[in-house]
Structures are given as C-alpha cells and as structure tokens.
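Each ligand, and each atom within it, is numbered from 1 in the order the structure gives.
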Amino acid sequence: MAAKTIADLDLQGRRVFIRVDFNVPLTPAGGVSDATRIRESLPTITHAIERGARVVLASHLGRPKGRIKPELSLLPVAAYLAEALARDVVLADEPAGDGAKKVVCDLRDGGVAMLENLRFSPGEEANDENFSRALASYADVYINDAFGTAHRAHASTVGMAKYVSSRGMGFLMDREATQLAKLVGEVARPFVAIIGGAKVSDKIGLLESLLGRADAVCLGGAMANTFLCAKGGSMGGSLVESSKLPLARAFLAKAESMGARIILPRDLVVAEDVKAESGTVVAAMHVPDHSAAFDIGPETASEIASIVARARTVFWNGPMGVFEAQPFAAGTQAVAKAMALVMGGTTVVGGGDSVAAVHRAGVASSITHISTGGGASLEFIEGKKLPGLAALES
Ligand code: ADP
Ligand code: MG
C-alpha cells in the first residue's frame, strides 16, 4: 500500500519520531551557515507540535563515521531550530541510550527533543538491528522527512520503520515523491532532460535510464567533453574522463540504435585558464591545444532553449559550465531562464550546484519543483525504488 503522510496519522499525545535532514553546512565558528534544510522541514515539525505530539527529531550531520566528534554535534542546529520555533529544543547527549531515553521520557505534549548526531553511532549507517530497535523505542509514530537520505538504507531511514506500527512521510518527503513521480512512468511529452555537471561516472546510470524515456537528452558541462572526445573531437586541455570513453561510446551507439535524440554541444566557450577574464567561442569538436572548454557556446544554449520551449516536462541536473565563474556562467543561466519560461508544464531541477544556479539566476519561483536531494533525486528519476520510501509503505 502507498505510504501515508503525517496529515493522515493521529499524533495527539504520542511520541512522534521525525527523521529530518539537518545535515547543514557549518561556519568555521560552528554556527549554521545555510539553514535551508532546517527551514524545509519546519512545516512538518510545526504540524506535529500543533497536533499535540511529543516530537523527537533525529538527523545525521557530516561524516563522523560512527565516532563521537564534538565538532559535528547537532547543538548549533538545535539552537537555530529553537529560535525558529520560538520554543525549547532539548538536545540529548547521544543518539541512543539512557540520556536519549530520559530526554524523550521528559517530553510533554507539544514539546520538542532532538537526538544527537545519528552517525555518532556505528549502528546508523550499518542499519544495525539493535540500534534500529533503540531508535524505535522512542517512537509511537515514525515520520521520515529526510528526502536527501532516502536512497540510503540506514537504521533511521529503514531499519527502525518496521518496529513502529504507525508510519508515514513528512510534508517535504511527500512533495518530493509526488513531484518527482511526474518524471517516471507516464510523462507529459515532449519530455526533455538536460544533464551536465562534472562527471560522467556520477550520472551514467541516469543517462542510460533516460534512453527510450526522454524525447531529447541535452548534454553539457564537463561531462559533455567526454562524449565529444568519444566522437573524435579534439578537446585540448578540457576536463575529459579518459577511463569513461568506452562507456560514452557505448552510450552514444545505444542511443543511435534506439533512435534516441542526444544533443551534444555544437559550440563551446574556451579559455587558457578557468581564472581568465573572458572566453572565446569555438566549434565544439575543435578546442585549441592550449585551451579548455568551460561552458557551452551561445548556439548550443539557444538550441537547448528552443527544445525546452516546446517541452511539457523538463528535468535538469548539472550545470552547463563552470557557472561559479562569471565568464562561463552564460550557458547555465540560459538553461535556467529557458526552464522558467515553460508554461503549463512541469520543470524539475535536482543537484546541489544546479539548484544554486537556479537561485543565482533569480528564477527559482518559476520552476515547478526544486529537489532538496542530489543523489536521492537522481536515483528516483532513474526509476529505482528508494529504500527510505519503500520502508514507509504499509
Ligand atoms: P550538481 O551538483 O548540480 O549535480 P555536479 O556536482 O555534477 O552538479 O557538477 C557541478 C560542477 O561541475 C561545478 O562545480 C562546475 O564548475 C563543474 N563543471 C561544469 N562544467 C565544467 C567544465 N566544462 N569544466 C570543468 N568543470 C565543470
Ligand atoms: Mg555538485
């Protein structure tokens, strides 16, 4: 059966365990430097508080690898949250054990407690049974709102779920699952995918899965260099993954045999160095020896924009160039703006850098869905069943 959402469940007076993704970047002084992920889960937390739940929050932070690392304590996150909610948030001194048990026991209706960084325990990433049972012992209701870790089978995302009879998605998880589902199965056509970014290896699974599903796949960014090289292009000093050339060739051959439309850059912006003050436009297969490609060229950008303009569904992951540097940001900006102009269709952006580019282009509010999960959104769109979502089905 499909997963319920927190809105379907009885919360009053019950211990509601919410797995959130509070894996936020910290400042050198140990404060929260970007609270987007905390804000994204506020509707779920507030809903539980308003329904009189005893709220138990749990998250990981960074990569402590099963050991207690004081610099990765959730203390700054609890402090930020307390301010945002204008109420006390009691932080347990451990993810599980007597201290955690006491903090949960002391909760009153409408109160909020937080467990310490889940990954301080080796049981979290190992999806250990004892750790899963310990977490479940703090829960009458289990809610997962951590979409960013839904592709991982850990104790807090999978292991504990079966020990809690009442379970469901938080509002953020529900929104991600509903919006991303529009890109899987019956998709409104034309369906266009734009895939860029740094590495072919990160995204080859996604690319293969798009063959036969997408009406057009546009490639840009450093990953396009590898495909251009595979087709015999001279790429100069551009970033090319030589070890992935056979993979790229096999992909292009498969696409051709299936009649799938793959759009590779026809022009590129090159420079001798990424720190250059400006770039030069060259034909895509002819990057000069002492230059490297750092962006798609204007002809490619307008070709992609016109394909996007006719689409009913667009998915974008991975910038078209080194958009962090102003001389190489135009291709990425053009894609962001083209997506924002799609009327009456579904536009979805996933991936940390692509999402940042959409914000930088100032068009975030014109995009149907901006996914909060990088790896999780790619696996979802590949058609894989995310373990964290599967565990919520009843
Ligand atoms: P996302 O986070 O959206 O999934 P990736 O992490 O895969 O995207 O890729 C983003 C990175 O790729 C950026 O840091 C960008 O500078 C880099 N990149 C894009 N195009 C190029 C290029 N032509 N040469 C070098 N780096 C590139
Ligand atoms: Mg990235």
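- Counting just the N/O/S atoms of D353, the one with the shortest distance to the Mg ion (ligand 2) is named OD2.
- For atom 23 (N) of ligand 1, the choice among A293, S377, G321 with the nearest heavy atom turns out to be A293.
- For K203, every heavy-atom contact with ligand 1 shorter than 4.0 Å involves the side chain, none the backbone.
- Using cut-offs of 30° and 60° on the angle between ring planes, the pair F328 and F294 is tilted.
- Atom 26 (N) of ligand 1 has V322 CG2, 3.6 Å as its closest protein atom, hydrogens excluded (heavy atom only).
- With respect to D215, the salt bridge (charged side-chain N to carboxylate O under 4.0 Å, His left out) criterion is satisfied by exactly one of R310, R312, R189: R189.
- The main-chain N or O of V187 is never found under 3.5 Å from a side-chain atom of T313 such that the two would form a donor-acceptor pair.
- The shortest N/O to N/O separation between E324 and ligand 1 falls below 3.5 Å.
- Distances shorter than 4.0 angstrom occur between a heavy atom of G318 and an atom of ligand 1.
- Among S73, S121, S59, the one residue that satisfies the side-chain hydrogen bond (donor to acceptor under 3.5 Å, both in side chains) test with E116 is S73.
- The single protein non-hydrogen atom nearest to atom 3 (O) of ligand 1 is S354 OG, 2.4 Å, given as residue, atom name and distance.
- For G221, no nitrogen or oxygen atom sits less than 3.5 Å from a nitrogen or oxygen atom of ligand 1, counting backbone and side chain alike.
- Residue-level proximity to ligand 1 for V274 is absent, since no heavy atom of it falls below 4.0 angstrom.
- Counting the atoms of ligand 1 from 1 in the order shown, those under 4.0 Å from a heavy atom of A198 are 5 (P), 7 (O), 9 (O), 12 (O).
- Counting only N and O atoms by type, the side chains of T368 and Q179 include no donor and acceptor under 3.5 Å apart.
- Ligand 1 has an N or O atom lying under 3.5 Å from an N or O atom of A222, backbone or side chain.
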What's the verdict on side-chain contact (heavy atoms from CB on, under 4.5 Å) for L183 and F191, showing C-alpha distance, side-chain angles and the deciding distance?
-> CA-CA 8 Å; L183 305 183; F191 172 24; 4.3 Å; yes

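- Under the side chain to side chain contact (heavy atoms under 4.5 Å, CB included) test applied with M160, the options L135, N127, N144 reduce to a single match, L135.
- Ring geometry for F17 versus Y142: interplanar angle of 30 to 60°, hence tilted.
- For the salt bridge (charged side-chain N to carboxylate O under 4.0 Å, His left out) with E393, the qualifying choice from K385, K4, R167 is K385, the only one to do so.
- Any N or O atom pair closer than 3.5 Å counts here, and D353 shares at least one such pair with ligand 1.
- When G352, P319, G351 are checked for heavy-atom proximity to atom 8 (O) of ligand 1, P319 turns out nearest.
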